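Below is one structure; the comments refer to it alone.
Along the sequence shown, residues carry numbers from 1. As the structure lists them, so they are numbered: ligands from 1, and atoms in each ligand from 1. In this text the structure is predicted, and so the values were computed from the model without any measurement.
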Amino acid sequence: MKMNDYINLIKASAQYIRDIAGSEAPVAGIVLGSGLGRLGDSIKDPVVIPYRDIPGFPVSTAVGHKGNFIIGTLGGRRVIAMQGRFHYYEGYPMQMVTIGVRVMKVLGIEYLFVSNAAGGCNPDFRVGDLVVIKDHINMFPNPLVGPNMEEFGPRFPDMTCVYDKELRELAEKVASDMGVSLRSGVYFGSTGPTYETPAEVRFYRTVGADLLGMSTIPEVIVARHCGLRVFGMSVVTNESNADTDAETLNSGDSVVVQADRAAAVMTELFTRIIAEL
Ligand code: HPA
C-alpha cells in the first residue's frame, strides 16, 4: 500500500475507534498473544470493536486469536488492548502486521505491552514460565523498510534499550509482591510458520536466544520508531527440542492450552504494573 494511503488508513481507523469509544486517550496499548486473549476479559467497562468492523483494517486468522480492540480500564487506567494480532506467517505485509501499534499511537498511548506464547530455547526454561523480554534478535524483514514515515519517527531508530529498564524493574517488584517468580530472556523472532529443527535450536542457543517465537518483534520495532516505551512478556508453552530423535513434537494446540494457564497470572501482573504507571 502507498505510504499516503497507509497513513490515511491508520488515521481513519483511529478516528473510527474514537467515534465509538470516546476521545479520552489510553495510556497503554496491550497486544495479546496466542491464548492470552483472556486478559481482555479483565478490562472494566469495555468497549469492544471487532477488527472486521473497521473499514480497511486486517482481520486475524491465527489459532487462539479473536480479533478485537477492547477499550476500557485496567488497574484504574485507561487502556486499549488488541485481542489478536497479525502474524507475518499469515501472509500480511509488514505494514498490516504492525498497523495496530500505529493506530494505538495515534490514539495517544505512551506505553506498549506485548505478550506472546514462545518456545523455551534456554534449557532452564519450563512450560508455564513467565519471561520478561530483555532484548531481541530480529530475523524478520524489518517493518521500517521503505520510505520513512517522518510523522511517526526517525529514519534510523536506536535499538539499544528496546525493552524499557524501568518497566522491567517495576515488573520484578510487582511479581515479588505477588509471590510469583519471573524469568528474563532474549526473544529470537523468525517468520515461522514452521517450528525450529533441533539443529536450529542448538544454533539459536549459541547466539544467545532464550525464547523462540513468530511475532512481537515487528510490533516492537514500530513501537520504538514512534517513541513508545515497551514492556514484553513471553509465556513458555513448549520446551524447544534440541534432540533430533525427540519423541514429543510441537503443536499449535498445546501452545494455546499452556498459554491459557499462564494468562491468569500475566493478567494480574499487567494490571498491577499498569496501575503504577
Ligand atoms: N517456536 C516458535 N514459535 C513458538 C514456539 C516455538 O517453539 N512455541 C510457541 N511459539
Exercise. Go through the steps to decide whether Arg272 and Glu276 satisfy the test salt bridge (Lys or Arg N to Asp or Glu O under 4.0 Å), and finish with yes or no.
Key: CA-CA 7 Å; Arg272 293 192 189 205; Glu276 297 205 24; over 6 Å; no
Taking only heavy atoms of [X], which atoms of ligand 1 are found under 4.0 Å from at least one of them?
X      : result
Glu196 : 1 (N), 2 (C), 6 (C), 7 (O)
Asn238 : 5 (C), 6 (C), 7 (O), 8 (N), 9 (C)
Gly213 : 2 (C), 3 (N)
Gly119 : 4 (C), 5 (C), 6 (C), 7 (O), 8 (N), 9 (C)
Thr237 : 8 (N), 9 (C)
Leu212 : 1 (N), 2 (C), 3 (N), 4 (C), 5 (C), 6 (C)

Can you confirm whether or not the ring centre of Phe203 sits under 6.0 Å from the ring centre of Phe188?
no
> Looking at Tyr16 versus Phe57, is the centre-to-centre ring distance below 6.0 Å?
Replying inline: no
- Donor + acceptor pair across side chains of Thr216, Asn116 (<3.5 Å): yes
Evaluate Lys165 against Glu169 for salt bridge (Lys or Arg N to Asp or Glu O under 4.0 Å), listing each step before the verdict.
CA-CA 6 Å; Lys165 186 157 179 284; Glu169 286 168 358; 3.0 Å; yes
Ranking Ala117, Gly33, Ser215, Gly120 by closest non-hydrogen atom to atom 10 (N) of ligand 1, top hit is Ala117
Quick look: Ser190 vs ligand 1, heavy-atom contacts under 4.0 Å, and the answer is neither
Main-chain N/O of Asn241 paired with Tyr195 side-chain donor or acceptor, under 3.5 Å:
no
